[in-house]
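These notes concern the structure reproduced below.
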Amino acid sequence: MVRELEKYLRPGIGITTYCPGCGEAILMGLILRAIDELQLNMDDMLFVSGIGCAAWIPSPYFNADTLHTLHGRTIVFATGAKLVNPKLKVMVISGDGDLADIGGNHLIHGARRNIDLTVICANNMNYGMTGGQVCSTTPLGALTMTTHQGNPFCPFDLCQLVKAAGAAYVARYAVTQPFAMIRGIKKALQTEGFAFVEAVTPCPVQFGRRNELGRPADMLKDLMAKCVMREKAEKLSPEELKDKIITGEL
Amino acid sequence: MGLQKVKSILPAGSYYFSGDEAVAEGAIAARCGYCAGYPITPATETLERLSIRFGETGAVFMQMEDEIASICSCIGASWAGAKALTVTSGPGFSLMQEGIGYAVFTETPVVIVDAQRTGPSTGQATRVGSGDIMQAKWGSHGDYLIIALSPWSVQELYDQTIIAFNLAERFRVPVLLMAEEATAHLRERVQVSGEVELFSREKKAGAPPFGTRENDGVPPMPAFGEGEKLLVTGSTHDEHGLRRITHPDIHEKLVTRLHNKILHHGQEIIQYENYYLEDATVVVVCYGFTARSSLFAVERMREEGKQIGMIRLKTLWPFANDVIRDIGSRVKKILVPEMNLGQVVGEVMKYASCEVVPYNQVNGEIIHPKTITEQLRRLG
Ligand SMILES: Cc1ncc(C[n+]2csc(CCOP(=O)(O)OP(=O)(O)O)c2C)c(N)n1
């Protein structure tokens, strides 16, 4: 991480615990850039995270109030804090398993209540922390530690889910779209109400390895090729959109 | 900070409340700033009343999507600086257990009312039981001690709600109020005094929020938004809140301090009442609604000249070990009537050297005074 962002990091905390090639570490930098560009004061911010690799993004690294909660319960912890102190700028950062599987009910109810929270969901298509098991976001047919014959179930489209539930802002970007992602996070932070950003991110060590997706750089290149901005996607046929990830504000 | 006298919000006087309503009013008196819950018989009326009354006092009421959401949002609210309350019954209390453990480990004050009904599972939703006493003690995983109170009247539901908030703030712990359907749905007169004594969490800018020099201390508790850059985590942590998940010493030190902060303050926490103990040869040890029937029975037996006494436990956890040890060495027999298949009786057996006799009833009805009288007659 470049030195200009160092002021946002908790002094005395050394290296991160992310695996080599992990996109969640890229996401960490992008979140801080969005905060930096908006000139937000870290003393006014509360970062709430759950359990999982993505949940370690703010805790302990961000130099602000952090609430590292139970698996799946980020949004409701954040709701209590925000309602009691509306001056807090509350950002939830967690994984797809945390927010959409065990915490799925809180996710849709959080969106429905439309309380002012910014939610960043790192979607790495599996459970990274526990060793690469299937998630509600794992693509159909993908191999994981608990789907050795291929995932028999269709994944959630998290953005459509959260949008249908009533969120004020919904967007999806990959960590390979850093400028768009920063813009999206900034917009989410500026939105009054429930704002949701799905951050698609490669997990080379758990997901990539099992699905023979190559080295971290190959996974990043693959992700770049797969992502299509919504405006462009609207002009493509269903065949052309097969295996594509539609990104942008949704 | 510390204990302070403040004016009661409700004007002093005599009120006619149900137990659930008394909990709501006790919470308001204690300056509770946040209540979240999910409706369940027989606790629902507390939520309904607070949804109206908080509108008047400016505190936040939330009906959440389930009891997990309720307890977790209370913990978030507590760290944002509010006194927080959730109320539930058996099925919801089960769902809350992981959150209760999180509150223990992060030293978060929060009050949880379990208006007990019969179980297991859905049981008899509108009937009374006291089957959650051991769950209160052991419900969440790992080693910890908990504070649990047991009210026997609507008045005491009001008083103990305030006490529960004070203990939660004083020791930075979750406090359980183990109500029962019979008192939750009972209507009785409640005396509200013009002043209440309230404890508010200690604050000390810059002090470590998760450690003290003593091995049983309670650290000061800052709130979010005060510039303390707090690290709150349910993982093992050092005194600054920094995650330390492989150090044997740090884990042992933390878990031991959290244990000791309750164990070493029993004098301050444990409350009980003695009745007719001077010459008693047989003593009833009881709690909650069953203590009402027991007192009735004991007084009848006294009229007949029988040397029977009674101890009413107002605090269930931490257990009144010394009280039971002492009485057990002075009497011939102890009777422990309970609306469960024997929970507190096991604790009494642990500490009393005399004969300990359980009486158990799990039919969803209160134990009738006549039943207790019969049991006492049998003990001779
Ligand atoms: C109640 C509970 N069940 C299971 C776990 C174990 N667990 C820890 S992290 C995790 C999955 C995390 O996956 P995700 O949220 O996708 O985050 P990632 O590690 O992939 O970033 C699981 C199942 C837990 N901590 N708590």
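Note that the coordinates shown come from a computational prediction; the quantities given were computed from them, not determined experimentally. We name chains A, B, ... by the order of the sequence lines, and we start the count at 1 in each one.
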4.5 Å side-chain heavy-atom contact, [X] and [Y]:
X      : Y     : result
A/V76  : B/M62 : no
A/R113 : B/M64 : yes
B/S235 : A/H68 : no
B/E226 : A/D65 : no

Listing request: all side chain to side chain donor-acceptor pair (under 3.5 Å) pairs with a residue in residues 30-39 of chain B, at least two apart in sequence or in separate chains. B/Y34-B/S73

Given a strict heavy-atom distance threshold of 4.5 Å, which part of A/L88 is in contact with chain B: side chain, backbone, both, or neither? side chain

Considering only heavy atoms, which portion of A/I108 lies under 4.5 Å from any heavy atom of chain B: side chain, backbone, both, or neither?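 Nothing of A/I108, per the 4.5 Å heavy-atom cut-off to chain B.
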
Leading residue by heavy atom contact count with chain B [cutoff under 4.5 Å; candidates [options]]:
options                    : result
A/K87, A/M42, A/R10, A/R73 : A/R10
A/N63, A/N85, A/T69, A/I13 : A/N63
A/P60, A/P58, A/A78        : A/P60
A/L70, A/D43, A/V48        : A/L70

If only atom types and distance count, is the side chain of A/T66 paired as donor or acceptor with the main-chain N or O of B/L230 below 3.5 Å? yes

Where does B/A36 contact chain A at under 4.5 Å (heavy atoms): side chain, backbone, both or neither? neither

Side chain, backbone, both or neither: which part of B/L231 has a heavy atom under 4.5 Å from chain A? both

Before we go on, tell me: are the rings of A/F47 and B/F224 under 6.0 Å apart, centre to centre? no

Above 12 or not: heavy atoms from other molecules or residues under 6.0 Å from CD of A/E192? no

Nearest non-hydrogen partners of A/S59 and B/R243, listed with the distance: O-NH2, 3.1 Å

Quick check: closest heavy atoms across B/A80 and A/A81, and the distance to 0.1 Å?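 Taking every non-hydrogen atom into account, CB-O, 3.6 Å.
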
